[in-house]
Amino acid sequence: MGLPEKVRIVEVGPRDGLQNESGPVISTDIKVELINRLADAGMQYIESASFVSPKWVPQMGDASAVMAGISRREGVVYAALTPNLKGLEGAIAAGVEEVAVFGAASESFSQKNINCSIAESLARFIPVIELAKQHDIRVRGYVSTVLGCPYEGDIDPAQVASVSRELLDMGCYEISLGDTIGVGTPTKARKMLARVANEVPVTKLAAHFHDTYGQALANLYAVMQDGISVIDTSVAGLGGCPYAKGASGNVATEDVVYMLNGLGIKTGVDLDKLVEIGNWITRQIGRNNGSKVGLALGCDQ
Ligand SMILES: CC(C)(COP(=O)([O-])OP(=O)([O-])OC[C@H]1O[C@@H](n2cnc3c(N)ncnc32)[C@H](O)[C@@H]1OP(=O)([O-])[O-])[C@@H](O)C(=O)NCCC(=O)NCCSC(=O)C[C@@](C)(O)CC(=O)[O-]
């Protein structure tokens with residue numbers, strides 16, 4: 001199939017990147033500035049907040065205030081996670097134009113993350129997607145643990161395919177495949193994708209790879225050969241997984257943009273601005289910069 005001409009980057013730093021920070025709750029102002037700066041750097045899709053239980057994820061407790069504080073730019077999608085109807089109702093009230101539901105390919109992970117089985121989660125998403133449709137809100141679907149689970153180890157690609165298919169059938173326009181704990185390697189990623197692509201057209205799939213084992217760029221390069229052209233990333237590689245010891249964040253946006261620039265693949269993102277943002281946000285929250293490119297290009301900043 002060969003590499004795509006263009007890649008759409010889904011920036012998840014303000015949500016996936018910040019949700020697991022264990023220190024004090026990050027201020028709404030910092031979150032809003034992060035989102036505004038990412039839009040200024042050319043990001044056209046920014047997952048900005050999460051309408052989940054603040055008891056489960058305290059860092060996302062100010063989702064409505066974050067959405068209200070953003071200076072919206074034309075052409076930029078500011079999305080949010082909504083695990084259930086309560087979340088979607090909050091998102092609608094906050095003027096969110098796109099949301100995501102999130103399931104898993106592993107039963108144990110589903111229980112730990114959203115307190116229900118896979119089947120229960122899928123049943124819960126049906127009314128969420130129906131209500132979203134009534135409000136002209138597009139819904140993205142996530143499947144976690146597609147290349148491994150912290151509790152169950154290997155996950156059968158057929159299970160990933162089945163959950164992905166169900167999400168597509170119930171109305172998700174795109175399915176993002178999450179290597180939640182970053183354990184995948186290129187051959188495994190391609191095998192998983194090949195199985196899922198039997199059920200869901202590859203043009204409706206995105207790669208959401210964490211970099212825990214330093215494999216994310218290699219895995220992305222591998223699945224791009226098979227038609228993946230939507231990639232989820234997090235500035236400065238922010239993030240982690242509360243359920244996996246030592247888990248790093250998502251693949252860093254800077255690293256992906258650098259690789260894509262080198263491959264001659266268009267993203268529309270300003271790498272210099274991105275590097276500045278990565279250095280700024282990591283200073284703000286007192287965390288190491290997880291982007292190799294950010295460290296290399298930002299050493300004078
Ligand atoms: C799904 C629930 C809510 C179920 O949690 P539950 O405890 O089963 O929910 P419940 O329906 O029994 O309600 C319990 C309480 O939560 C409240 N509640 C219920 N829903 C909401 C809501 N939407 N917003 C705010 N509050 C809510 C509800 O009102 C009630 O409040 P109380 O009466 O006790 O005061 C909970 O498990 C939860 O919030 N989980 C979120 C977990 C999460 O955000 N994980 C991270 C995102 S997924 C991810 O990062 C992976 C991904 C997407 O990036 C891909 C990858 O890398 O793999």
Does the side chain of Ile92 reach to within under 4.5 Å of the side chain of Leu131, using non-hydrogen atoms?
yes
Taking the side chain from Arg190 and the backbone from Asn219, do they hold a donor-acceptor pair closer than 3.5 Å?
no
Non-hydrogen side-chain atoms of Leu205 and Ile228 separated by less than 4.5 Å
yes
Glu174/Arg8 ion pair, N-O < 4.0 Å
yes
I want to check something: taking the side chain as every heavy atom from C-beta on, are Ile175 and Val143 in contact at a cut-off of under 4.5 Å?
yes
Any chance the side chains of Asn250 and His208 put a donor and an acceptor closer than 3.5 Å?
yes
Donor-acceptor contact below 3.5 Å, side chain Ser108 vs main chain Glu152:
no
Under 6.0 Å from the six-membered ring centre of Tyr142 and within 45° of its axis: does the NZ or CZ of Arg15 meet both?
yes
Within a strict 4.5 Å, meaning less than it, do heavy atoms of the Glu33 and Trp280 side chains meet?
yes
Taking the side chain as every heavy atom from C-beta outward, state whether Val235 and Ser291 have any pair of such atoms under 4.5 Å apart.
no
If we only count heavy atoms from C-beta on, is the Asp16 to Gln19 side-chain gap below 4.5 Å?
yes
Salt bridge between Arg195 and Asp156, side-chain N to carboxylate O under 4.0 Å?
no
Close side-chain approach of Leu177 to Leu193, heavy-atom, < 4.5 Å
yes
Going by atom types only, do Tyr45 and Glu98 share a side-chain donor-acceptor pair under 3.5 Å?
yes
Output yes when a side-chain donor or acceptor of Ser53 lies under 3.5 Å from a complementary backbone atom of Lys55, and no otherwise.
yes
Is Glu21 reaching over with its side chain to a backbone N or O of Gly23, donor-acceptor style, under 3.5 angstrom?
no
Okay, side chain of Gln215, backbone of Tyr213: is any donor-acceptor separation there less than 3.5 Å?
yes
Using distance only, find each side-chain donor-acceptor pair of residues 66-78 under 3.5 Å and give its atom names and separation, not counting sequence neighbours.
{"unit_1": "Arg72", "atom_1": "NH1", "unit_2": "Glu97", "atom_2": "OE1", "d": "2.8"}
{"unit_1": "Arg73", "atom_1": "NH2", "unit_2": "Asp40", "atom_2": "OD1", "d": "2.9"}
{"unit_1": "Tyr78", "atom_1": "OH", "unit_2": "Arg73", "atom_2": "N", "d": "3.1"}

Does the distance from a Lys or Arg side-chain N to an Asp or Glu carboxylate O, for Asp232 and Arg140, drop under 4.0 Å?
yes
Under 3.5 Å donor-acceptor, Gln284 side chain and Ile30 backbone
no
For a 4.5 angstrom cut-off between non-hydrogen side-chain atoms, does Phe102 reach Leu81?
yes
Counting distance only, does the side-chain N/O of Asp179 pair as donor-acceptor with the main-chain N or O of Thr145 below 3.5 Å?
no
Salt bridge between Asp255 and Lys292, side-chain N to carboxylate O under 4.0 Å?
no
Report yes or no: does Gln59 contribute a side-chain atom to a donor-acceptor pair with the main-chain N or O of Pro24 at less than 3.5 Å?
yes
By ring-ring contact (aromatic ring centres under 6.0 Å, His included), which residues pair with Phe209, not counting sequence neighbours?
none
same_hphob_cluster(Leu88, Ile126) at 4.5 Å side-chain heavy-atom cutoff:
yes
Is the backbone of Lys273 close enough, under 3.5 Å, to the side chain of Asp270 for a donor and an acceptor to pair up by distance?
yes
Check: Ser110 side chain, Cys116 main-chain N or O, donor-acceptor pair, under 3.5 Å
yes
